[in-house]
Q: 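Right, I'll just put the structure down here and ask away after.
Computed over heavy atoms, backbone and side chain alike; hydrogens, waters and symmetry mates excluded.
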Amino acid sequence: MGKILYNGVVRDMTVDEQKAYDAQMAVFDAERPSRKLSQIKRIRLEKLESTDYMANSDVTMPDYIKTWRQTLRDLPQNNTTESQYDTLLAKDADGNLTNSVWTQPKE
C-alpha cells in the first residue's frame with residue numbers, strides 16, 4: 001500500500017484511503033491533456049496579442065508574421081496528443097519555452 005503524509009507523520013494508507021487516492025489520481029491523469037492544451041492556448045493567445053497591433057489599418061503586417069500567426073492559430077488542430085503537447089511546452093533550464101513555434105520570426 002501507499003504512504004500518506006498527515007500532520008507531518010508518514011503512515012500507510014488504509015484500503016479506503018488507497019482507493020480514494022487511486023480514484024483521485026485517475027481523474028488527475030485523465031484531465032492532464034486538457035490542462036496542457038489550455039496552457040498551450042494561453043501561451044498562443046499571448047503571442048497573438050503581442051502582434052495584434054500589426055493588424056491595425058495604418059500598419060501593414062508582414063507576410064512572415066501573418067504566416068507565424070496562422071501557425072499559432074493552427075496549433076490545436078495540428079497537435080492532438082499529449083506527447084505533442086509536451087513538445088510544445090518543453091522548457092530549458094531557465095524555464096524558457098524551447099519549441100521554435102513560440103519564437104516570433106524576424107524578417
Q: What closest approach, in Å, do Glu17 and Thr14 show between heavy atoms, and which atom pair accounts for it?
A: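 Scanning both residues completely, I find the closest heavy atoms to be OE1-N, 2.8 Å.
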Q: Can you sort out the partners of Glu46 under salt bridge (charged side-chain N to carboxylate O under 4.0 Å, His left out), two or more places apart, ordered by chain and number?
A: Arg42
Q: Under the rule for side-chain contact (heavy atoms from CB on, under 4.5 Å), what residues qualify as partners of Lys66, not counting sequence neighbours?
A: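 Listed in chain order: Met61, Asp63.
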Q: Taking all non-hydrogen atoms of both residues into account, name the closest pair between Leu72 and Pro76 and its distance.
A: O-CD, 4.1 Å
Q: Taking all heavy atoms of Trp68 and all of Lys47, pick out the closest pair and write down the distance.
A: CH2-CB, 3.9 Å
Q: Which atom names give the shortest non-hydrogen contact between Leu48 and Arg73, and what distance separates them?
A: CD1-CG, 4.0 Å
Q: Look at the side-chain heavy atoms of Ile, Leu, Val, Met, Phe, Trp and Tyr, link any pair under 4.5 Å apart, and say whether Leu75 and Ile65 land in one connected group.
A: no
Q: Distance from Ser34 atom OG to Glu82 atom CD, nearest 0.5 Å?
A: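 Atom-to-atom, Ser34:OG and Glu82:CD are 10.0 Å apart.
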Q: Counting distance only, does the side-chain N/O of Asn56 pair as donor-acceptor with the main-chain N or O of Asp58 below 3.5 Å?
A: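 No; judged by distance alone, with no hydrogens or angles, the pair does not exist.
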Q: Look up atom OG1 in Thr51 and atom CZ in Arg69, then write down how far apart they are to the nearest 0.5 Å.
A: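 CZ of Arg69 is found 4.0 Å from OG1 of Thr51.
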Q: Membership question, hydrophobic clusters at under 4.5 Å side-chain separation (ILVMFWY): are Tyr64 and Val59 in the same one?
A: yes
Q: Locate the shortest heavy-atom distance separating Ile40 from Leu88; write the atom from each residue and the value.
A: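 Shortest heavy-atom contact: CD1-CD1, 3.8 Å.
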Q: If you compare all heavy atoms of Tyr85 against all heavy atoms of Asn79, which two are closest, and at what distance to 0.1 Å?
A: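 For Tyr85 versus Asn79, the nearest heavy atoms are CE2-O, 3.1 Å.
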Q: Does Gln24 CD have over 12 foreign heavy atoms under 6.0 Å away?
A: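 Counting neighbours around CD of Gln24, 12 or fewer heavy atoms of other residues, nucleotides or ligands fall under 6.0 Å, so no.
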Q: So, do Leu89 and Ile43 sit near enough that their side-chain heavy atoms are less than 4.5 Å apart?
A: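 The answer is yes, as the side chains (C-beta and beyond) meet within the 4.5 Å cut-off.
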Q: Which residues pass the side chain to side chain donor-acceptor pair (under 3.5 Å) test with Asp94, sequence neighbours left out?
A: none
Q: Which residues pass the salt bridge (charged side-chain N to carboxylate O under 4.0 Å, His left out) test with Asp74, sequence neighbours left out?
A: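 Partners of Asp74 under the salt bridge (charged side-chain N to carboxylate O under 4.0 Å, His left out) test: none.
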Q: Could you work out, with side chain to side chain donor-acceptor pair (under 3.5 Å) as the rule, every residue matching Arg35, not counting sequence neighbours?
A: none
Q: Counting N and O atoms only, with roles assigned by atom type, does the side chain of Thr81 sit under 3.5 Å from a partner on the main chain of Gln84, one being a donor and the other an acceptor?
A: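 Present.
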Q: With sequence neighbours left out, what residues match Arg44 under salt bridge (charged side-chain N to carboxylate O under 4.0 Å, His left out)?
A: none
